[in-house]
Amino acid sequence: MPPEVATALDATTLLGWFDRHARDLPWRDPERTPWGVLVSEIMLQQTPVARVLPVWREWLDRWPTPQDLAAESQGEIVRAWGKLGYPRRALRLHAAARAITEHHGGEVPSDVETLLALPGIGAYTARAVAAFAYGKRTPVVDTNVRRVVARAVHGAGDAGPPSTRRDLDDVDALLPEGPDEARAARFSAALMELGALICTARSPRCADCPFSASCAWQKAGRPAYSGPAKPTQRYGGTDRHVRGLLLDVLRATTEPVTKEQLDVAWPKAGQRDACLDSLLTDGLVEQTGDGRFALPGEH
DNA sequence: CAGACGTGGAT
DNA sequence: TATCCAAGTCT
């Protein structure tokens with residue numbers, strides 16, 4: 001047997017910690033379906049767990065299979081997405097459900113390549129579904145994992161700019177080997193959980209971390225982040241903001257609304273009209289025969 | 001690769 | 001009040 005490579009993130013230690021501290025999230029229930037996992041992963045993109053929970057429950061109750069969602073209208077889906085944010089995700093999930101229904105026999109694919117071909121599913125989500133829904137050994141790299149690896153392995157205060165290839169290789173090297181792929185999948189979930197609960201961005205709880213002794217960042221004296229400055233994001237007054245306000249008007253009614261009703265949502269006419277155009281282009285809004293506006297009604 | 005794309009709670 | 005930031009994807 002080859003000697004174990006020394007690692008700052010020992011699998012047995014991490015899995016033991018996960019057994020004791022993992023949150024009891026519904027998409028981790030042994031009874032949940034791959035579809036439930038996929039829905040959770042899309043909703044969780046850039047969105048906190050607490051906000052996803054009630055919407056995920058409603059969705060799985062209303063549309064327990066991909067076929068159920070595929071049969072629903074786009075407008076109902078965008079409405080049910082509510083204020084989770086980035087509503088194009090709802091449209092993409094709908095399109096994914098249709099592709100799954102039409103091309104994959106109604107079963108959520110289990111291999112990364114097939115998942116990657118579905119709308120809204122990228123490098124992270126494809127591997128998250130393969131690992132968490134199907135127990136596969138594959139590197140699952142999200143913002144939490146990148147931060148944990150940056151600190152515990154590389155001794156940096158935080159992760160630098162993402163590089164999919166390098167990040168995947170980094171994490172692949174940490175995954176436990178052997179025939180028990182489910183153990184590697186659980187390791188991936190545990191790594192994310194460590195980043196979410198202990199090795200957090202703002203105030204890491206190193207005192208509660210099972211790796212405080214082996215962590216490269218600890219050993220280096222917890223140096224501050226030294227990489228390139230991260231772009232600071234604004235929201236107020238941006239097109240994102242205005243699009244959200246326009247969509248808010250449409251989510252509030254089931255009847256189409258007039259242009260005048262949309263106009264009250266934002267005072268700057270030029271920006272407002274440009275945003276409405278972009279919503280039409282994205283398929284989040286459609287114009288009815290009489291010139292009014294509504295959430296998309298296509299079935 | 002940089003920038004667009006929602007929203008709201010925490011600090 | 002202002003800034004940070006939360007399980008990314010697409011162009």
Side-chain angles (χ1 to χ4, degrees), chain A residues 22-23 25-28 36-56 78 81-93 95-96 115-133 138-148 158-168 171 185 188-197 199-204 225 228-251 265-266 271 274-275 277-279 281-285:
Chain A
R23 289 167 293 178
L25 301 171
W27 42 86
R28 289 177 178 163
V37 173
L38 173 56
V39 172
S40 78
E41 292 301 340
I42 300 291
M43 289 183 171
L44 286 162
Q45 290 168 3
Q46 301 286 283
T47 308
V49 167
R51 218 179 311 162
V52 166
L53 278 169
V55 183
W56 183 87
V78 171
W81 192 255
K83 308 207 73 172
L84 281 184
Y86 295 141
R88 291 183 300 183
R89 288 183 292 169
L91 252 27
R92 292 182 182 136
L93 182 51
L115 286 161
L116 280 172
L118 295 172
I121 298 186
Y124 163 76
T125 304
R127 291 173 179 81
V129 170
F132 306 149
T138 182
V140 181
V141 184
D142 75 333
T143 184
N144 289 304
V145 169
R146 290 185 356 92
R147 185 175 57 249
V148 171
D158 209 340
S163 162
T164 303
R165 187 66 262 163
R166 182 169 44 70
D167 294 339
L168 287 173
V171 175
S188 292
L191 204 51
M192 289 176 60
E193 193 76 337
L194 188 72
L197 299 183
C199 197
T200 56
R202 196 104 41 121
S203 304
Y225 175 71
K230 301 178 179 182
T232 163
Q233 54 170 341
R234 285 169 312 292
Y235 181 62
T238 62
D239 286 357
R240 291 221 288 295
H241 184 190
V242 176
R243 283 165 56 104
L245 293 174
L246 293 172
L247 230 36
D248 237 1
V249 173
L250 295 170
R251 275 192 299 254
W266 188 251
Q271 184 185 24
C275 287
D277 277 345
S278 75
L279 288 169
T281 298
D282 288 345
L284 284 163
V285 175

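So you know, we letter chains A, B, ... as the sequences are listed, proteins then strands, and number each from 1.
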**OP:** Test for a donor-acceptor pair under 3.5 Å between the base of B:dT7 and the side chain of A:Arg51, counting only N and O atoms.
**Re:** yes
Subject >> Listed nucleotide nearest any side-chain atom of A:Arg202, set C:dA7, C:dC5, B:dG6 >> reply: C:dC5
**OP:** May I have the step-by-step check of side-chain contact (heavy atoms from CB on, under 4.5 Å) for A:Trp27 and A:Leu53, ending in yes or no?
**Re:** CA-CA 9 Å; A:Trp27 42 86; A:Leu53 278 169; 3.7 Å; yes
Subject >> First of A:Pro87 and A:Pro162 reached from the 5' end of DNA chain B, by closest nucleotide >> reply: A:Pro162
**OP:** Could you tell me the separation between the CZ atom of A:Arg146 and the C1' atom of C:dC5, rounded to a whole number of Å?
**Re:** 14 Å
Original post:
Should A:Arg28 be listed as having a side-chain N or O under 4.0 Å from OP1 or OP2 of C:dA7?
Top reply: no
Original post:
Where the side chain of A:Gln233 is defined as all heavy atoms beyond and including C-beta, which of B:dG9, B:dC5, C:dA6 is the nearest nucleotide?
Top reply: C:dA6
**OP:** Could you tell me the separation between the CE atom of A:Met192 and the C1' atom of C:dA7, rounded to a whole number of Å?
**Re:** 4 Å
Original post:
Contact class for A:Asp239 (heavy atom, under 4.0 Å): base, sugar-phosphate, or nothing?
Top reply: sugar-phosphate
**OP:** Find the distance A:Asp167:CG to C:dT9:P and express it as a whole number of Å.
**Re:** 12 Å
Subject >> Distance test, side-chain N/O of A:Tyr235 to OP1/OP2 of B:dT7, below 4.0 Å >> reply: yes
**OP:** Using a 4.0 Å heavy-atom cut-off across all strands, classify A:Gly122 as base, sugar-phosphate, or nothing.
**Re:** sugar-phosphate
Subject >> Spacing of the C1' atoms in B:dG6 and C:dA6 (rounded, Å) >> reply: 12 Å
Subject >> Short side-chain N/O contact from A:Gln45 to OP1 or OP2 of C:dG8, under 4.0 Å >> reply: no
Subject >> Side-chain N or O of A:Lys83 closer than 4.0 Å to phosphate OP1/OP2 of B:dG6 >> reply: no
**OP:** May I ask you to decide if A:Ala196's main-chain N or O and A:Arg147's side chain share a donor-acceptor pair within less than 3.5 Å?
**Re:** no
**OP:** Determine the Euclidean distance between corresponding C1' atoms of B:dG8 and C:dT1; express it in Å to zero decimal places.
**Re:** 15 Å
Original post:
Does A:Arg243 put a side-chain nitrogen or oxygen below 4.0 Å from OP1 or OP2 of B:dG6?
Top reply: yes
Original post:
Can you tell which of C:dA7, B:dT7, B:dC5 lies closest to the side chain of A:Glu41?
Top reply: C:dA7
**OP:** Check every strand shown and say whether A:Ile121 touches a base, only sugar-phosphate, or nothing at a heavy-atom separation below 4.0 Å.
**Re:** sugar-phosphate
**OP:** Figure out the CG/P separation between A:Leu250 and B:dG6, and round it to whole Å.
**Re:** 14 Å
Original post:
Taking the side chain of A:Trp27 as its heavy atoms from C-beta onward, which of B:dC5, C:dA7, B:dG6 lies nearest to it?
Top reply: C:dA7
**OP:** Starting from P on B:dC5, measure out to CZ on A:Arg240 and report it in whole angstrom.
**Re:** 7 Å
**OP:** Give A:Arg92 one of three labels, base, sugar-phosphate or nothing, depending on what nucleic acid heavy atoms sit under 4.0 Å from its own.
**Re:** sugar-phosphate
Original post:
Counting only side-chain N and O atoms of A:Thr232, is one of them less than 4.0 Å from OP1 or OP2 of C:dC4?
Top reply: yes
**OP:** Take atom CG of A:Leu44 and atom P of B:dT7, then tell me their distance rounded to the nearest Å.
**Re:** 17 Å
**OP:** Report the residue (A:Pro119 or A:Thr143) whose heavy-atom-nearest nucleotide on DNA chain C is the more 5′ of the two.
**Re:** A:Thr143
Subject >> Along DNA chain B (nearest heavy atom to each residue), the more 5'-positioned of A:Gly85 and A:Pro161 >> reply: A:Pro161
Original post:
Can A:Arg89 and A:Thr47 be counted as having a side-chain donor-acceptor contact under 3.5 angstrom?
Top reply: yes
**OP:** Give a yes or no on whether the backbone of A:Gly237 and the side-chain of A:Gln271 come within a donor-acceptor separation of less than 3.5 Å.
**Re:** yes
Subject >> Same-atom distance (P) from C:dT9 to B:dG9, integer angstrom >> reply: 25 Å
Original post:
Given the C1' atoms of C:dT11 and B:dC1, what is the spacing between them in whole Å?
Top reply: 11 Å
**OP:** Using a 4.0 Å heavy-atom cut-off across all strands, classify A:Ala50 as base, sugar-phosphate, or nothing.
**Re:** nothing
Original post:
Could you give the OH-to-C1' distance, from A:Tyr86 to B:dG3, as a whole number of Å?
Top reply: 11 Å
Original post:
Of the options A:Val78, A:Val285, A:Leu284, A:Leu279, which is the one that meets A:Leu250 in a side-chain contact (heavy atoms from CB on, under 4.5 Å)?
Top reply: A:Val285
Original post:
Which nucleotide sits closest to the side chain of A:Ala196: C:dA7, C:dA6, B:dG6?
Top reply: C:dA7
Subject >> Distance-only side-chain donor-acceptor flag, A:Tyr124 / A:Glu41, under 3.5 Å >> reply: yes
**OP:** Would you indicate what A:Leu279 reaches in the nucleic acid, counting non-hydrogen atoms under 4.0 angstrom: base, sugar-phosphate, or nothing?
**Re:** nothing
Subject >> Atom pair distance, as rounded to whole Å: CD in A:Gln46 and P in B:dC5 >> reply: 14 Å
**OP:** Test side-chain contact (heavy atoms from CB on, under 4.5 Å) on A:Trp81 and A:Arg251 and set out the steps.
**Re:** CA-CA 10 Å; A:Trp81 192 255; A:Arg251 275 192 299 254; 5.9 Å; no
Original post:
When you look at CZ of A:Arg234, are more than 12 heavy atoms from neighbouring residues, nucleotides or ligands closer to it than 6.0 Å?
Top reply: no
Original post:
Touch check for A:Arg251, heavy atoms < 4.0 angstrom, all strands: base, sugar-phosphate only, or nothing?
Top reply: sugar-phosphate
Subject >> Per A:Ala201 side chain, nearest of listed nucleotides C:dA6, B:dT7, C:dG8 >> reply: C:dA6
**OP:** Would you tell me if any nitrogen or oxygen in the side chain of A:Thr125 comes within less than 4.0 Å of OP1 or OP2 on C:dT9?
**Re:** yes
